[in-house]
Protein chains: 2
Amino acid sequence: MPTRRTPKPQTSKPRGRRQTSEARPYHHGDLRRVLIDAALQLAAEGAEVSVREAARRAAVSPGAPFRHFSNRDALMAAVAEEAQRRFRVEIEAALADVPPADPLARFRAFGLAYVRWAMRNPAHFEIISTGRYFAHGSSAELTHDNSELVALTERMLAEAAAQGLLRSADLKRVQIAGRALVYGFARMNLDGHFPRWDVAEGEIERMAEGVIDLFIAGIAKP
Amino acid sequence: MPTRRTPKPQTSKPRGRRQTSEARPYHHGDLRRVLIDAALQLAAEGAEVSVREAARRAAVSPGAPFRHFSNRDALMAAVAEEAQRRFRVEIEAALADVPPADPLARFRAFGLAYVRWAMRNPAHFEIISTGRYFAHGSSAELTHDNSELVALTERMLAEAAAQGLLRSADLKRVQIAGRALVYGFARMNLDGHFPRWDVAEGEIERMAEGVIDLFIAGIAKP
DNA sequence: CCAATATGTAATCATCGATTACATTTGGCG
DNA sequence: CGCCAAATGTAATCGATGATTACATATTGG
């Protein structure tokens with residue numbers, strides 16, 4: 001019988017109807033949301049995300065989560081959805097500072113923001129990367145946030161091509177190469193490759209910058 | 001009492017001493033090896049690799065594997081070691097066909113062989129990529145095979161620089177960018193990204209080729 | 001030959017995902 | 001208001017897994 005935090009034996013009377021912040025009216029306020037947050041936090045702590053531990057943190061029985069998620073993957077899909085949303089928000093925020101007229105600068109900023117978020121939220125990045133939760137949860141939100149980011153770089157490259165800045169006319173190829181580069185870099189960090197490459201923790205972000213600049217120099221018309 | 005294949009009640013007498021291929025002399029011939037192979041096969045089948053299932057396939061009790069591997073991660077580390085060895089062998093075989101005098105052609109061939117192996121052995125590639133088993137098993141072999149591959153591209157780029165073929169003098173940056181590119185591409189495939197990019201199964205290898213060529217054109221002196 | 005060691009077995013634990021039967025709360029409808 | 005159905009939570013339980021322990025058997029070297 002492990003860890004039961006909140007005793008909650010008292011207060012068996014009902015309390016108002018549907019207030020948001022109140023003293024846990026026996027029926028949980030919004031368990032679904034709380035479970036997603038708990039799972040996000042678990043991941044951020046580097047722990048395994050288990051349904052039971054999320055339930056424990058929500059001070060709820062082990063079976064309760066299954067009222068809101070048909071199985072673990074469904075919970076993880078919801079977690080992925082939230083993480084993907086945050087990811088997109090941060091990328092778009094980073095792009096707000098860059099002049100719309102300079103598509104390659106925007107492309108660069110996108111790549112940097114991408115890698116930075118991945119480095120600072122490794123567990124969340126892994127969850128949205130795995131693709132496992134695209135299949136199972138099939139959330140429209142998740143797919144949408146993701147394709148928005150794809151469309152973003154697509155527009156940048158189209159604009160760059162229109163301005164005659166690119167060496168190659170095969171934009172899709174350039175786009176996928178760019179994505180593979182930043183995804184690969186982010187995953188190398190996530191998967192612990194950099195120690196083997198003699199890249200110290202503190203140098204990784206600078207290295208990301210260098211690598212992205214190298215790539216952009218390579219695709220830009222000389 | 002699930003699935004017990006080999007009856008083996010007979011033959012209770014000892015049989016020669018240390019022959020390799022014989023009729024299972026009660027004490028398993030080389031359980032360690034058999035467990036690694038079973039785990040490799042499980043992974044290749046797309047199944048979860050569990051210690052128990054490996055034991056089942058070796059027709060051995062659930063506790064037996066722990067005589068050879070202190071825990072599941074130790075088994076996985078051994079699996080990673082074997083997969084990494086095969087990976088290295090295949091890459092080096094692919095390079096045997098390319099003239100030593102053309103470092104960029106070799107660099108290209110390396111990248112292609114890298115992505116191809118990853119595509120054809122996705123589960124094994126994932127195991128050697130995760131980096132989780134570098135830490136736990138800390139096998140010298142694994143580390144060695146890996147750094148051999150790193151050294152390989154390092155030499156190629158040094159040679160290319162010596163021949164004046166490269167735009168950038170920062171070879172480490174070029175090397176890491178190239179690795180991030182192929183690793184990212186391989187993982188995009190592994191993680192199921194390409195359907196979202198409208199790249200059909202059959203087009204992926206060609207796309208890999210295009211992406212690698214694009215990268216090499218970018219780093220080569222015009 | 002025999003005893004120390006290596007290797008395998010049986011039994012057992014704790015944890016986890018998942019399901020089922022039951023309890024309680026909530027909200028809508030007469 | 002009062003009651004009933006739906007929503008939501010609990011308790012108990014299942015089967016699978018990683019792991020440990022006590023015990024059994026085979027191998028091998030002195």
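Chain letters run A, B, ... following the sequence lines, proteins first and then strands; every chain starts at 1.
Aromatic ring centroids of A/F185 and A/F215 lie 6.0 Å or more apart.
What separates CZ of B/R33 from P of C/dT7 is a distance of 16 Å, to the nearest Å. Going from atom CG of A/L35 over to atom P of D/dG9 covers 9 Å, rounded to whole Å. Atom-to-atom, CZ of A/R57 to C1' of C/dC16 comes out at 16 Å; the value is rounded to the nearest Å. To the nearest angstrom, P of C/dG17 lies 13 Å from CD of B/E48. Rounded to whole Å, atom P of C/dT19 lies 15 Å from atom CZ of A/F69. Rounded to whole Å, the distance from CG on B/D30 to P on C/dT7 is 9 Å.
One finds no salt bridge joining A/R206 and A/E203 here, because no Lys/Arg side-chain nitrogen approaches an Asp/Glu carboxylate oxygen to under 4.0 Å. The residues A/R120 and A/E205 are annotated as salt-bridged, a charged nitrogen and a carboxylate oxygen being separated by less than 4.0 angstrom.
Comparing D/dT20, C/dG17, D/dT10 by their nearest atom to the side chain of B/F66 picks out D/dT20. Of all nucleotides listed (C/dT9, D/dG9, C/dA18), D/dG9 comes nearest to the side chain of A/L31.
Residue pairs satisfying the side chain to side chain donor-acceptor pair (under 3.5 Å) criterion with at least one member in residues 190-199 of chain B, sequence neighbours excluded, are listed as follows: A/Y183-B/D191, B/R187-B/D191.
Between atom CD1 of residue A/I128 and atom CD of residue A/E82 there is a gap of 11.0 Å, rounded to the nearest 0.5 Å.
Between A/H68 and D/dG9 there is a side-chain N or O to OP1 or OP2 distance below 4.0 Å.
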Quick one: which protein N/O atoms are closer than 3.5 Å to N/O atoms of nucleotides 14-17 of chain D? Pair and distance per line, please.
{"residue": "D/dT17", "atom": "OP2", "partner": "B/R56", "partner atom": "NH2", "Å": "2.7"}

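More than 12 heavy atoms of other residues, nucleotides or ligands sit less than 6.0 Å from atom CD of A/E45.
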